[in-house]
2 protein chains.
Amino acid sequence: MKQELERLNDEQAVEIFKALSNQTRVSILQMLKDPDRHFSPQAHIIADEGFVGGVCVGDIRSKAGISQSTTSQYLSILLQSGLVEMKRIGQWTYYRRNEETIKKFEKYIGTKI
Amino acid sequence: MKQELERLNDEQAVEIFKALSNQTRVSILQMLKDPDRHFSPQAHIIADEGFVGGVCVGDIRSKAGISQSTTSQYLSILLQSGLVEMKRIGQWTYYRRNEETIKKFEKYIGTKI
DNA sequence: GGTTAATATATAAATATCGCGAATTACCGA
DNA sequence: TCGGTAATTCGCGATATTTATATATTAACC
C-alpha cells in the first residue's frame with residue numbers, strides 16, 4: 001500500500017495491526033532492523049546502491065524457519081501493510097523495512113491510540 | 001493479562017496487536033480516551049472515586065453499534081490484552097483504558113519494532 | 001422468593017488465517 | 001532454448017476468529 005499522506009488513517013493502522021498479529025511476522029520485521037547482524041552479507045545488494053538494507057526471501061526464510069511459500073505470503077502481508085518495501089533484482093526479491101511507514105505508525109499509536 | 005514487568009515482551013505485544021486488528025475494538029479504545037465527549041454522564045461512576053473514566057458495557061455497546069454479546073467478548077479481548085481494565089460496581093461492569101499498558105505498548109513500538 | 005435489568009458465557013455457522021507441499025512463473029547462464 | 005535457482009501463486013486441511021442467538025449469572029428491587 002502506498003503511503004502518500006502525512007498520517008495513517010484507521011484502516012491502514014488496522015491493516016498494520018493485522019500484519020503484526022503474528023509472532024513470526026514481527027520477528028521478520030525485527031530481524032530486518034539490523035540485516036548485517038542477522039543475515040550473511042549480500043554481495044549483490046551491497047553492489048546495488050539502490051536498495052541498501054534489502055534481504056532476499058531465501059535468507060529470510062532460513063532465518064525465520066518457515067517454508068518458502070509461507071515466507072512469501074508473510075512478506076506480501078507485510079508489504080501490503082506498508083511496513084516493508086521490496087525490489088526485484090535479477091532473480092532475487094529483496095525486502096527491507098519501510099521506515100517512513102513505521103514512523104507514521106509510531107505517530108499513530110502516540111496520538112490516536 | 002497482568003502487567004507487572006517494566007516492559008512488554010513479544011508475546012504480550014502480539015496479543016495487543018491481535019486485539020487491535022479489528023476496527024471496532026480500535027474504535028472502542030479510542031472512544032474510551034474521552035468518555036465525557038463520547039458517552040452521556042454516568043452518575044454512578046462519577047460518585048465512585050475508585051474508577052474514574054469507566055464506562056459501562058451497555059453504553060459502549062450502543063455507541064459501537066454491535067450486539068451485546070459481541071460487545072462483551074470484544075471487551076474481554078481488550079481486557080485480556082491489558083489495554084483496558086474493568087471493575088464491577090453493582091449490576092454494571094465498567095471498563096476504562098489501562099494507560100500504563102498503553103504506555104508500555106508505545107515504548108515497545110518505539111524500541112522493538 | 002420472584003421479577004427484571006445488566007453482563008457473561010455457551011453454542012454454532014460463516015469466514016479468515018495458518019502454514020504446508022505442489023505447481024507455476026521469473027530470471028539467469030550456458 | 002534448455003536447465004537450474006528464486007520466488008510467487010494455488011489448493012488444501014487444520015485452526016482461529018467473527019458475530020449472532022440462546023442461555024446462564026449476577027445484582028437490584030418489590
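Throughout, a chain's letter reflects where its sequence line sits, starting with A, and its residues are numbered from 1.
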Open item on the list: When you measure from the side-chain N and O atoms of B:T93 to the phosphate of C:dA8, is any distance below 4.0 Å, counting only OP1 and OP2?
Closed with: yes
- [ ] Considering just the side-chain nitrogens and oxygens of B:S67, establish if one lies under 4.0 Å of OP1 or OP2 belonging to D:dA20.
- [x] yes
Run the side chain to side chain contact (heavy atoms under 4.5 Å, CB included) test against [X] and tell me which residues pass, sequence neighbours left out.
X     : answer
A:D34 : A:D36, A:R37, A:H38
B:S62 : none
A:V14 : A:K18, B:Q23, B:V26
B:T24 : B:N22, B:I28, B:A64, B:I66, B:Y74

Task: B:A19 backbone acceptor or donor facing B:R25 side chain under 3.5 Å - done: yes
- [ ] For B:R96 and B:V52, indicate whether the former's side chain and the latter's backbone hold a donor-acceptor pair under 3.5 Å.
- [x] yes
What's touching nucleotides 15-18 of chain C from the protein side, N or O pairs under 3.5 Å?
from: C:dC18; atom 1: OP1; to: A:N22; atom 2: ND2; distance (Å): 3.4
from: C:dC18; atom 1: OP1; to: A:R25; atom 2: NH2; distance (Å): 3.3
from: C:dC18; atom 1: OP2; to: A:R25; atom 2: NH1; distance (Å): 3.2

Tell me: [atom1] of [X] to [atom2] of [N], nearest whole Å?
X     : N      : atom1 : atom2 : value
B:L20 : D:dT18 : CG    : P     : 12 Å
B:I66 : C:dA8  : CD1   : C1'   : 14 Å
B:R61 : C:dA8  : CZ    : C1'   : 15 Å
B:Y94 : C:dA6  : OH    : C1'   : 10 Å

- [ ] Summarise protein proximity over nucleotides 25-30 of chain D in one line of letters, 5' to 3': B for base, S for sugar-phosphate only, - for none, counting protein heavy atoms closer than 4.0 Å.
- [x] --SS--
Task: For A:Q73, all residues meeting side-chain hydrogen bond (donor to acceptor under 3.5 Å, both in side chains), sequence neighbours excluded - done: none
Task: Partner set under side-chain hydrogen bond (donor to acceptor under 3.5 Å, both in side chains) for B:E106, not counting sequence neighbours - done: none
Task: Shortest side-chain distance from A:Y95, nucleotide among D:dT8, C:dG21, C:dA8 - done: D:dT8
TODO: Measure distances between side-chain N and O atoms of B:Q68 and base N and O atoms of C:dA8, and say whether any donor-acceptor pair falls under 3.5 Å.
DONE: yes
TODO: State whether the distance check finds a donor on one side and an acceptor on the other, under 3.5 Å, for side chain B:S72 versus base C:dT9.
DONE: no
TODO: With sequence neighbours excluded, tell me which residues meet ring pair (Phe, Tyr, Trp, His ring centres under 6.0 Å) with B:F17.
DONE: B:F105
